[in-house]
Amino acid sequence: MHVELDAKVKRWLQLKGEHVSVKTIQVNACCAPPIQDFITHLGKPKDLHNYDEIKVDNLSIFVEKHLSLNEKITLKLTGMGIFKTITAKF
């Protein structure tokens, strides 16, 4: 799997001194079809055995194993100021 991230993402992660984890979340509603989306969070996941670790430069990106089957993941920095976060797109 190839992880694509720009200089802004790298710099922000280096400032935070953290790892980033990517996983899926499924939202079920009573009146609509289920929606599956990707969520990222800073830090290592608690259940490391369900994740693959991908190293990019000196950063560690943990991706759920079933997501590792995709060819490429793109991480982008969104938001402003203290509300910045990383989003994942496959």
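Residue numbers start at 1 and run along the sequence shown.
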Q. Would you say K65 has more than 12 foreign heavy atoms packed within less than 6.0 Å of its NZ?
A. yes
Q) Could you walk me through whether K10 and D57 pass the salt bridge (charged side-chain N to carboxylate O under 4.0 Å, His left out) check? A) CA-CA 9 Å; K10 286 181 185 177; D57 296 333; 2.8 Å; yes
(Q) Is there a path of hydrophobic side-chain contacts, each under 4.5 Å between heavy atoms of I/L/V/M/F/W/Y residues, joining V9 to F90? (A) yes
Q. NZ/K89 to CG/D37 distance, rounded to the nearest 0.5 angstrom?
A. 11.5 Å
Q.
Can you give me the closest heavy-atom contact between G43 and S21, atom names plus distance?
A. O-OG, 2.7 Å
Q. What pairs with E64 under salt bridge (Lys or Arg N to Asp or Glu O under 4.0 Å), at least two apart in sequence or on another chain?
A. none
Q: Under the ring pair (Phe, Tyr, Trp, His ring centres under 6.0 Å) rule, collect the residues that match up with H19, sequence neighbours excluded.
A: F62
Q: Identify the two heavy atoms, one from T85 and one from W12, that lie closest to each other, and give their separation to 0.1 Å.
A: CA-CH2, 4.4 Å
**Q.** 4.5 Å side-chain heavy-atom contact, H66 and T24
**A.** yes
Q: Following the transitive rule for hydrophobic clusters with a side-chain heavy-atom cut-off under 4.5 Å over Ile, Leu, Val, Met, Phe, Trp and Tyr, establish whether V20 and L48 coincide in one cluster.
A: no
Q: Identify which one of K23, K44, K46 satisfies the side chain to side chain contact (heavy atoms under 4.5 Å, CB included) criterion when paired with Y51.
A: K23
**Q.** L77 versus K8, closest heavy-atom pair with distance
**A.** CD2-O, 4.0 Å
Q: Please check if atom CD in E71 has more than 12 non-hydrogen atoms from other residues, nucleotides or ligands closer than 6.0 Å.
A: no
Q. Quick one: does V22's side chain get under 4.5 Å of I73's, heavy atoms only?
A. yes
Q | Spacing of I86 atom CD1 and I61 atom CD1 [to the nearest 0.5 Å] | A | 8.0 Å
(Q) Count I, L, V, M, F, W, Y as connected when their side-chain heavy atoms are under 4.5 Å apart, and connections chain through other members. Are V3 and I39 then in the same cluster? (A) no
Q) Do we see a donor-acceptor contact under 3.5 Å between the side chains of S60 and K55? A) yes
Q. So, does T74 use its side chain to make a donor-acceptor pair with the main chain of E4 at under 3.5 Å?
A. no
Q: For L59 and Q14, run side chain to side chain contact (heavy atoms under 4.5 Å, CB included): C-alpha distance rounded to whole Å, both residues' side-chain angles, the deciding distance at 0.1 Å, then the answer.
A: CA-CA 8 Å; L59 305 172; Q14 288 168 344; 3.9 Å; yes
